[in-house]
Amino acid sequence: MNKKTVSKINLFFSGLLSRMEENRDFFTDITINFKSGTKNFPAKILQSDKITLDYQAVKRNTNREELWEILADEFPKYDSAQIIYTERGARIVIDADDKKVNMRHEDVTSQVNETSAVQTGREYVVNPALATDLLTEIGILAKNGKIKNDKIRKYNQIDYFVELMQGVLKEIGDRDEYVIFDAACGKSYLSFVMNFYMREILKKKCRFIGVDYSQTVIDASKRMAKNLGYNNMEFIKADLTEYEPSVRPDIVISLHACDTATDMALALGIRSKSRAIVSVPCCHKDILKQYSYEPFEAITRHGILKARLADTLTDGIRAAYLEGAGYKVSMIEYISPLETPKNIMIRAVYTGKVNEKSKRDYENLKEMLSVKPAVERFTEREKSYGF
């Protein structure tokens with residue numbers, strides 16, 4: 001290639017290097033395929049602490065200026081070259097020879113995994129075609145690239161949770177870095193999928209902190225984060241009733257935390273004045289064991305009806321308590337009851353404006369039902385952290 005062509009390549013390549021630095025969290029690699037006749041001579045550029053050029057079986061650490069000096073000496077030796085810049089969700093391709101130097105952008109997020117769409121009957125927000133490594137690591141995808149039959153329902157739930165988070169992110173507004181706490185994180189499926197969505201699709205800087213009392217699940221989550229290269233995630237073994245976050249959360253999330261673990265998650269969010277709390281409760285036993293209401297005795301003497309009413313009372317009481325603590329609360333059907341009967345999502349966005357009527361309603365419900373709700377017990381155990 002002649003000097004004029006190399007000069008044009010330099011202009012495009014400088015832009016790629018600038019983008020590589022700006023999008024460090026999303027950058028994957030730059031590959032260069034030098035071509036002479038029918039032969040290809042590949043080179044690869046990686047970036048961690050330093051820029052590394054892997055070319056002609058030699059790896060060398062370099063910097064931006066030295067890198068171009070090396071490559072500028074190589075381009076004239078070949079007939080043509082193709083440069084492929086790859087970051088999560090995007091690809092830029094430069095084709096160069098002495099006739100032309102063209103650059104095109106490819107939107108990787110437009111890919112569709114038709115097999116998965118047919119198998120599950122819905123189009124995912126986090127497309128399995130884009131998240132293959134992630135979904136394989138957390139055990140959702142089989143080796144053949146399809147979602148495992150026994151994981152379809154689980155992934156539907158997680159993916160729909162992520163879809164519903166779009167409105168919450170919009171309500172709390174843009175942040176320099178989003179801090180998300182996964183309370184009672186368990187195997188952390190939700191955190192991993194949320195992290196992929198925010199980092200690699202929305203391109204938002206974020207940090208995830210998973211908290212659980214089980215060392216086994218914490219160790220497993222740490223291994224998966226390391227395998228995926230997700231260095232913006234940390235997992236902590238702790239009792240939610242005693243855990244004190246070092247920073248104010250933007251969002252506290254909780255998916256199917258059993259019984260009062262949901263209340264622990266809500267209480268953590270309230271105490272830390274989290275900008276939003278999103279929870280899908282599970283196993284409502286606390287109020288069931290406590291409440292009685294004489295006018296409904298003809299109904300509650302039937303155990304199954306008492307339990308179903310307890311579910312509704314528990315989440316209604318939680319909503320009133322959150323509103324009294326300065327949150328705007330919405331309750332939605334999170335997923336079809338055919339998927340799971342535990343399908344109510346509590347979405348709470350912090351306003352700082354205490355709803356006095358909700359506070360009175362909450363106190364009246366406590367007195368009328370003769371209950372001391374767990375959400376109040378866990379919130380009062382510690383004072384607000386003062387973020």
Side-chain angles (χ1 to χ4, degrees), residues 157 160-173 175 178-184 190 194 240 245 248-284 286-287 291 308-335 337 340-369 371-381 384-385 387:
Q157 293 173 17
Y160 191 49
F161 192 110
V162 173
E163 182 178 338
L164 294 172
M165 285 296 297
Q166 294 172 345
V168 174
L169 290 170
K170 195 172 293 184
E171 282 201 69
I172 66 175
R175 315 290 303 164
Y178 291 88
V179 179
I180 296 100
F181 279 74
D182 189 348
L190 183 56
M194 275 287 296
L240 280 175
R248 182 185 180 186
D250 291 299
I251 310 172
V252 171
I253 59 176
S254 177
L255 176 60
H256 291 161
C258 191
D259 194 21
T260 56
T262 290
D263 298 292
M264 294 176 194
L266 298 178
L268 173 65
I270 293 168
R271 295 197 308 267
S272 59
K273 291 187 172 62
S274 178
R275 292 179 176 85
I277 304 170
V278 184
S279 176
V280 177
C282 185
C283 307
H284 305 63
D286 185 59
I287 296 296
Y291 90 97
R308 289 183 179 179
L309 182 56
D311 291 357
T312 300
L313 290 173
T314 300
D315 290 333
I317 288 169
R318 286 165 171 163
Y321 190 80
L322 282 162
E323 289 170 346
Y327 284 84
K328 180 181 71 174
V329 179
S330 60
M331 309 275 281
I332 66 169
E333 186 176 69
Y334 154 62
I335 204 163
T340 172
K342 308 300 181 182
N343 68 334
I344 297 296
M345 173 182 276
I346 302 172
R347 294 191 298 188
V349 177
Y350 189 70
T351 66
K353 298 177 182 178
V354 173
N355 187 322
E356 295 295 341
K357 182 180 183 304
S358 291
K359 287 183 73 173
R360 291 193 300 272
D361 290 342
Y362 173 78
E363 293 298 331
N364 289 338
L365 285 168
K366 278 173 54 182
E367 182 178 354
M368 182 173 60
L369 299 171
V371 295
K372 181 66 181 289
V375 65
E376 179 183 352
R377 300 199 306 270
F378 294 131
T379 302
E380 290 184 344
R381 181 169 295 187
S384 171
Y385 303 129
F387 297 125

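Bear in mind the structure is a predicted one, so any value in this text is a computation, not a measurement. Each residue takes its place number in the sequence, starting with 1.
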Not counting sequence neighbours, which residues clear side-chain contact (heavy atoms from CB on, under 4.5 Å) with D361? List them please.
K357

Carefully, step by step, assess R360 and E363 under the rule salt bridge (charged side-chain N to carboxylate O under 4.0 Å, His left out).
CA-CA 5 Å; R360 291 193 300 272; E363 293 298 331; over 6 Å; no

V252 and V278: side chain to side chain contact (heavy atoms under 4.5 Å, CB included), yes or no, with the steps?
CA-CA 6 Å; V252 171; V278 184; over 6 Å; no

Measure the spacing between CE of M264 and SG of C258 and express it to the nearest 0.5 Å.
10.0 Å

So does K372 get a backbone contact from the side chain of R377, meaning a donor-acceptor N/O pair under 3.5 Å?
yes

With D259 via side-chain contact (heavy atoms from CB on, under 4.5 Å) - residues at least two apart
C283, K285, D286

Polar contact flag, side-chain donor to acceptor under 3.5 angstrom, E376-Y362:
yes

Quick one, F181 and I251 - any side-chain contact, counting heavy atoms below 4.5 Å?
no

What residues form a side-chain contact (heavy atoms from CB on, under 4.5 Å) with M331, not counting sequence neighbours?
D315, A319, V329, I344, I346

To the nearest 0.5 Å, how far apart are CG in L369 and CG in N364?
10.5 Å

Taking the side chain as C-beta and beyond, is there a heavy-atom pair between R347 and S330 under 4.5 Å?
yes

Can you tell me which residue pairs pass the ring pair (Phe, Tyr, Trp, His ring centres under 6.0 Å) test with a partner in residues 264-283, sequence neighbours excluded?
none

So, the side chain of T351 versus the backbone of G326: is there a donor-acceptor pair under 3.5 Å, distance only?
yes

CG of L255 to CE of M194: how many Å apart, nearest 0.5 Å?
11.5 Å

So how far is it from I277 CD1 to L268 CG, rounded to the nearest 0.5 Å?
8.0 Å

Taken to the nearest 0.5 Å, the spacing of D250 CG from R275 CZ works out to 5.0 Å

Please check: side-chain N/O of N355 versus main-chain N/O of G324, any donor-acceptor pairing under 3.5 Å?
no

Please give me the minimum heavy-atom distance between L240 and A184, naming the atom from each residue.
CD1-N, 3.6 Å

Do K366 and P373 come within less than 4.5 Å of each other through their side chains, counting heavy atoms only?
yes

Answer whether the closest heavy-atom distance between the side chains of L266 and Y321 falls below 4.5 Å.
no

For K328, I'd like to know if atom NZ has over 12 heavy atoms of other residues, nucleotides or ligands within 6.0 Å.
no

To the nearest 0.5 Å, atom CG of L190 lies from atom CD of Q157 at 10.5 Å

Counting only heavy atoms not in E356 (residues, nucleotides, ligands), do more than 12 fall under 6.0 Å from its CD?
yes

Looking only at heavy atoms, which two atoms of P281 and T262 are closest? And how far apart?
CA-OG1, 3.5 Å

Residues in side-chain contact (heavy atoms from CB on, under 4.5 Å) contact with S254, at least two apart in sequence or another chain:
A257, A265, S279

Which residues share a ring-ring contact (aromatic ring centres under 6.0 Å, His included) with Y350, sequence neighbours left out:
Y327

Is there a side-chain contact between I270 and F378 (heavy atoms, below 4.5 Å)?
no

Min side-chain heavy-atom separation R318-H284 under 4.5 Å
yes

